[in-house]
Q: 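The structure follows.
The analysis underlying the following values was restricted to heavy atoms, covering all of them including side chains, and did not include hydrogens, waters or symmetry mates.
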Amino acid sequence: MIAIIDYDAGNIKSVEKALQYLLKQDVSEVTLTRDRDVILSADHVILPGVGSFGDAMEKLRGYGLESVIREYTESGKPFLGICLGLQLLFEESEESPGVRGLGLLKGKIRRIPEGEGRKVPQIGWNDITLNPTSRLFTGVPDHSYVYFVHSYYLEAEDRSEVAATTEYGVRIDAAVEAGNIFACQFHPEKSSEVGLQILKNFVEL
């Protein structure tokens, strides 16, 4: 069973629909939940989301989900953060100074610099350079295009955890892998066949 953490953040339904399509509409295999026991009993857990870092952390803490996420990730079972869900895994973000993130991984969440005709937020398709050892990107060609919607980006501290990068005025760490923790800044559920392959790789871990 795949649990998608429901903490009143955007983009949750599109992740659910992509997984149901991938699993041939077997709705019973995918559940939106904030129930501790359901999350901890899941085989895979996904933390999606769009919106503000600070608001998202307030909601996770308000629903008592911070400790649940920690307990689940410590179990060794596969965990995937998507978009804001990637950023929340780190310690802090320039978007919400003073707000502590989950701190499961080390790195900085920075604002994309404006200039040279770049629009912020970045909205659209961009190609990614892959780490060939990545499990999340098995079967995905290097420099595949995926769909981004974001104003902030990850600068990971441990370069060995970076699974994919892209360029948008600066080098952006577009995906990370650290043991059983995986995360994408882009939206695999909106990235066509490439995105479905990424989600398929995750659910098969």
Q: Report yes or no: do L89 and I198 belong to one cluster of Ile/Leu/Val/Met/Phe/Trp/Tyr joined by side chain heavy-atom distances under 4.5 Å?
A: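 Each belongs to a different hydrophobic cluster.
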
Q: Is V194 close to P188 at the side-chain level, that is, under 4.5 Å between some pair of heavy atoms?
A: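 Side chain of P188 against side chain of V194, heavy atoms only: no contact under 4.5 Å found.
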
Q: For the residue pair E29 and L19, establish whether any side-chain heavy-atom pair is separated by less than 4.5 Å.
A: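 No, every pair of side-chain atoms sits at 4.5 Å or beyond.
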
Q: Does I69 offer a backbone N or O that forms a donor-acceptor pair with the side chain of T73 under 3.5 Å?
A: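 Yes; judged by distance alone, with no hydrogens or angles, the pair exists.
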
Q: Sequence neighbours left out, what passes salt bridge (Lys or Arg N to Asp or Glu O under 4.0 Å) with K119? Give chain and number order.
A: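 Result, salt bridge (Lys or Arg N to Asp or Glu O under 4.0 Å) vs K119: none returned.
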
Q: Do I4 and L84 belong together in a cluster built from hydrophobic side chains that touch within less than 4.5 Å?
A: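 No; tracing contacts between hydrophobic side chains, which count when under 4.5 Å, never links both residues.
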
Q: With a 4.5 Å heavy-atom cut-off, do R135 and L205 have their side chains touching?
A: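 They are in contact (side-chain heavy atoms under 4.5 Å apart), so the answer is yes.
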
Q: Please list, chain by chain and in numerical order, all residues satisfying side chain to side chain contact (heavy atoms under 4.5 Å, CB included) with E157, sequence neighbours excluded.
A: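 Side chain to side chain contact (heavy atoms under 4.5 Å, CB included) list for E157, sorted by chain: K106.
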
Q: Hey, could you give me the CG/CG distance between L88 and L102, rounded to the nearest 0.5 Å?
A: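 Between atom CG of L88 and atom CG of L102 there are 6.0 Å.
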
Q: Please walk me through it: do L196 and Y21 pass side-chain contact (heavy atoms from CB on, under 4.5 Å)?
A: CA-CA 9 Å; L196 287 176; Y21 174 82; 3.6 Å; yes

Q: Can you tell me which residue pairs pass the salt bridge (charged side-chain N to carboxylate O under 4.0 Å, His left out) test with a partner in residues 62-81, sequence neighbours excluded?
A: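 Residue pairs with at least one partner in residues 62-81: R36-E71, R61-E66, E66-R70, E66-R100.
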
Q: At what distance, to the nearest 0.5 angstrom, does CD of E95 lie from OG of S151?
A: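 It is 7.5 Å, given to the nearest 0.5 Å.
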
Q: Kindly give the heavy-atom pair with the smallest separation between A164 and L130, and that separation in Å.
A: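 Nearest heavy atoms, A164 then L130: CB-CD2, 3.8 Å.
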
Q: Indicate, with yes or no, if V203 and V30 share a hydrophobic cluster defined by side-chain heavy-atom contacts under 4.5 Å among Ile, Leu, Val, Met, Phe, Trp and Tyr.
A: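 Linked, V30 and V203 end up in one cluster.
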
Q: Can you measure from CG (L80) to CG (L136) and round to the nearest 0.5 angstrom?
A: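 One gets 6.5 Å once the value is rounded to the nearest 0.5 Å.
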
Q: Can you check whether Y152 and H150 have ring centres sitting under 6.0 Å from each other?
A: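 No, ring centres 6.0 Å or more apart.
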
Q: How long is the span from the CD1 atom in I5 to the CG atom in L47, to the nearest 0.5 Å?
A: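 Between atom CD1 of I5 and atom CG of L47 there are 5.0 Å.
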
Q: If we only count heavy atoms from C-beta on, is the T129 to T166 side-chain gap below 4.5 Å?
A: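 T129 does not reach T166 side chain to side chain.
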
Q: Closest heavy-atom contact between C83 and H187?
A: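 Shortest heavy-atom contact: SG-NE2, 3.4 Å.
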
Q: List the steps and the verdict of salt bridge (charged side-chain N to carboxylate O under 4.0 Å, His left out) for R34 and D6.
A: CA-CA 5 Å; R34 61 179 69 111; D6 181 2; 3.5 Å; yes

Q: Please, which pairs that meet ring pair (Phe, Tyr, Trp, His ring centres under 6.0 Å) have at least one residue in residues 103-135, sequence neighbours excluded?
A: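 Those involving residues 103-135 are W125-Y147.
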
Q: Does atom CD (E91) have a neighbourhood of more than 12 heavy atoms from anything else shown, all under 6.0 Å?
A: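 Correct, the count exceeds 12.
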
Q: Is there a side-chain contact between D37 and I39 in this structure, where contact means two heavy atoms from C-beta onward sitting under 4.5 Å apart?
A: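 A side-chain contact is absent here, since even the closest heavy-atom pair is not under 4.5 Å.
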
Q: State which residues pass side chain to side chain contact (heavy atoms under 4.5 Å, CB included) with V162; sequence neighbours excluded, sorted by chain then number.
A: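 Per chain and number, V162 pairs via side chain to side chain contact (heavy atoms under 4.5 Å, CB included) with A156, R159, T165, D173.
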
Q: Going by the rule side chain to side chain donor-acceptor pair (under 3.5 Å), which residues pair with Q87 if we only count those two or more places apart in sequence or in a different chain?
A: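 With sequence neighbours excluded, Q87 shows a side chain to side chain donor-acceptor pair (under 3.5 Å) to Q185, given in chain and number order.
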
Q: Name all residues meeting the side chain to side chain contact (heavy atoms under 4.5 Å, CB included) criterion together with S41; count only those two or more places apart in sequence or in a different chain, and write none if there are none.
A: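 S41 satisfies side chain to side chain contact (heavy atoms under 4.5 Å, CB included) with M1 once adjacent residues are dropped.
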
Q: Enter the distance from D142:CG to D127:CG here, rounded to the nearest 0.5 Å.
A: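 Answer rounded to 0.5 Å: 8.5 Å.
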
Q: Which of these passes side chain to side chain donor-acceptor pair (under 3.5 Å) with E155: R110, K108, R171?
A: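 Between E155 and the candidates, side chain to side chain donor-acceptor pair (under 3.5 Å) is satisfied uniquely by R110.
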
Q: So do E161 and L105 actually touch side chain to side chain, heavy atoms under 4.5 Å?
A: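 A side-chain contact exists here, since the closest heavy-atom pair is under 4.5 Å.
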
Q: Looking only at heavy atoms, what is the nearest atom pair of F186 and A175, with distance?
A: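 That would be CE2-CB, 4.4 Å.
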
Q: Between T138 and N201, is any side-chain donor less than 3.5 angstrom from a side-chain acceptor?
A: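 The answer is no; no qualifying pair exists.
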
Q: So which atom in A163 and which in S134 form the shortest heavy-atom distance, rounded to 0.1 Å?
A: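 Closest heavy-atom pair between A163 and S134: CB-OG, 3.9 Å.
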
Q: Let's go through L104 and I181 carefully: what are the C-alpha distance in whole Å and the side-chain angles of both, what is the deciding distance for side-chain contact (heavy atoms from CB on, under 4.5 Å) to 0.1 Å, and is it a yes or a no?
A: CA-CA 9 Å; L104 297 174; I181 300 176; 4.3 Å; yes

Q: Hey, any chance L86 and F79 share a hydrophobic cluster, counting ILVMFWY side chains that come within less than 4.5 Å of each other, even indirectly?
A: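 Same hydrophobic cluster.
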
Q: Return each pair, listed once, that meets ring pair (Phe, Tyr, Trp, His ring centres under 6.0 Å) where at least one residue sits in residues 36-77; pairs must be two or more places apart or across chains.
A: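 Qualifying pairs: H44-F202.
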
Q: Using a 4.5 Å cut-off between side-chain heavy atoms of Ile, Leu, Val, Met, Phe, Trp and Tyr, which other residues end up in the same hydrophobic cluster as V120?
A: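 When side chains under 4.5 Å apart are linked, the cluster holding V120 also contains I112, Y153, Y168, V170, I172.
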
Q: How about V176 and L154: do any of their side-chain heavy atoms sit closer than 4.5 Å?
A: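 Sidechains of L154 and V176: in contact.
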
Q: Once salt bridge (Lys or Arg N to Asp or Glu O under 4.0 Å) is applied, do any residues pair with D158, and if so which ones, sequence neighbours excluded?
A: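 Result, salt bridge (Lys or Arg N to Asp or Glu O under 4.0 Å) vs D158: none returned.
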
Q: Is any NZ, NE, NH1 or NH2 atom of the basic residue among K200 and E204 found under 4.0 Å from an Asp or Glu carboxylate oxygen of the other?
A: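 Between E204 and K200 there is a salt bridge, with a charged N closer than 4.0 Å to a carboxylate O.
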
Q: Considering all heavy atoms of both residues, which atom of V99 and which atom of G54 are nearest to each other, and what is their separation?
A: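 Heavy atoms of V99 and G54 come nearest at CG1-CA, 4.0 Å.
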
Q: Would you say E167 has more than 12 foreign heavy atoms packed within less than 6.0 Å of its CD?
A: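 Yes, enclosed.
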
Q: Please tell me if the side chains of S52 and S96 come closer than 4.5 Å, counting only heavy atoms from C-beta onward.
A: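 Answer yes - side chains close enough.
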
Q: Should V15 and F182 be counted in the same cluster of Ile, Leu, Val, Met, Phe, Trp and Tyr side chains packed under 4.5 Å apart?
A: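 Same cluster: V15 reaches F182 through Ile, Leu, Val, Met, Phe, Trp or Tyr contacts under 4.5 Å.
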
Q: What are the two closest non-hydrogen atoms of G76 and N180, and how far apart are they?
A: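 Looking at all heavy atoms of both residues, the shortest contact is O-CB, 3.2 Å.
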
Q: Not counting sequence neighbours, list each pair that qualifies as a ring pair (Phe, Tyr, Trp, His ring centres under 6.0 Å) and has a residue in residues 87-108.
A: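 Listed by first then second residue: nothing to list.
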
Q: Give me each pair satisfying salt bridge (charged side-chain N to carboxylate O under 4.0 Å, His left out) with a member in residues 176-194, each pair once, sequence neighbours excluded.
A: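 Listed once each, the pairs would be none.
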
Q: How long is the span from the OG atom in S191 to the CG atom in L199, to the nearest 0.5 Å?
A: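 S191 OG to L199 CG: 9.0 Å, rounded to 0.5 Å.
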
